[in-house]
Amino acid sequence: MATTENRPRPEPGHTDQGSVRVDSWIWSVRLAKTRSAAATACRGGHVRINDERAKPAQHVRVGDEVRVRQGERERIVVVKRLLSKRVGAPVAVECYVDNSPPPPPRVEAPAPAGLRDRGAGRPTKRERRQLDRLRGQ
């Protein structure tokens with residue numbers, strides 16, 4: 001009789017199948033917040049597998065290049081391992097190779113003109129005239 005003690009335990013969410021649905025995989029590796037958001041992205045043409053538009057039920061295999069457009073940024077990842085269930089971020093990062101270009105640097109917007117500090121009270125007549133000149137009124 002075989003014992004289960006000697007068998008290696010599979011990693012959480014890891015699947016031995018040859019392929020997994022693309023919407024499920026995108027959600028599993030945390031490229032989408034929800035599975036329905038991943039499916040919507042697929043239907044909207046924001047997901048490509050090997051440079052071909054992907055439908056939500058299309059299968060992804062190890063070695064496939066998946067491109068996911070998220071707002072202004074495009075994530076380019078190569079599938080390293082298949083997952084069927086959502087896993088923690090440290091495990092998810094090990095399941096793909098990220099070939100995405102670095103995100104553009106954040107530009108801080110200048111503070112809007114004419115804002116007063118909270119609790120500074122009502123502007124004086126002189127301050128109000130200065131604000132009007134600043135605003136071009």
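Numbers here simply count residues along the sequence, with the first being 1.
In the hydrophobic cluster analysis, where Ile, Leu, Val, Met, Phe, Trp and Tyr join through side-chain heavy atoms closer than 4.5 angstrom, I26 is grouped together with Y96. The hydrophobic clustering, which links ILVMFWY residues whose side-chain heavy atoms are closer than 4.5 Å, places W27 and V20 apart.
Using modelled atom types, no side-chain atom of R43 and backbone atom of P56 make a donor-acceptor pair closer than 3.5 Å. Between the E52 side chain and the I49 main chain, no donor and acceptor come within less than 3.5 Å of each other.
Nearest heavy atoms, A92 versus S28: CB-O, 4.2 Å.
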Pair L31-Q70, side chain to side chain contact (heavy atoms under 4.5 Å, CB included): steps then yes or no: CA-CA 9 Å; L31 293 177; Q70 298 171 327; 4.3 Å; yes
Using the rule given for side chain to side chain contact (heavy atoms under 4.5 Å, CB included), can you reason through R81 versus V91, listing the C-alpha separation, both sets of side-chain angles and the distance that settles it, and then say yes or no? CA-CA 10 Å; R81 201 167 75 203; V91 177; 3.6 Å; yes
Evaluation steps, side chain to side chain contact (heavy atoms under 4.5 Å, CB included), between V22 and V47: CA-CA 9 Å; V22 68; V47 178; 4.2 Å; yes
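Applying the side chain to side chain donor-acceptor pair (under 3.5 Å) rule to S36 yields the partners T34; only residues at least two apart in sequence or on another chain are considered. Under the rule for a side-chain contact (heavy atoms from CB on, under 4.5 Å), the partners of R133 that lie at least two apart in sequence or sit in another chain are R129, Q130. In this structure V78 satisfies the side-chain contact (heavy atoms from CB on, under 4.5 Å) test together with V97, N99, sequence neighbours excluded. Under the side-chain contact (heavy atoms from CB on, under 4.5 Å) criterion, S100 pairs with R73, R75, I76, D98, sequence neighbours left out.
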Output side-chain donor-acceptor pairs under 3.5 Å for residues 57-66, partner residues at least two apart or in another chain, one line each.
unit_1: Q58; atom_1: OE1; unit_2: K55; atom_2: N; d: 3.4
unit_1: H59; atom_1: ND1; unit_2: S19; atom_2: OG; d: 3.2
unit_1: D64; atom_1: OD1; unit_2: N50; atom_2: ND2; d: 3.2
unit_1: D64; atom_1: OD2; unit_2: R61; atom_2: N; d: 2.9
unit_1: E65; atom_1: OE1; unit_2: R67; atom_2: NE; d: 3.3

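Using a 4.5 Å heavy-atom threshold, the side chains of W25 and V77 count as touching. In this structure the side chain of C95 never reaches within 4.5 angstrom of the side chain of V79, judged on heavy atoms.
Pairs passing the salt bridge (Lys or Arg N to Asp or Glu O under 4.0 Å) check and including a residue from residues 18-33, sequence neighbours excluded, read R21-D23, D23-R35.
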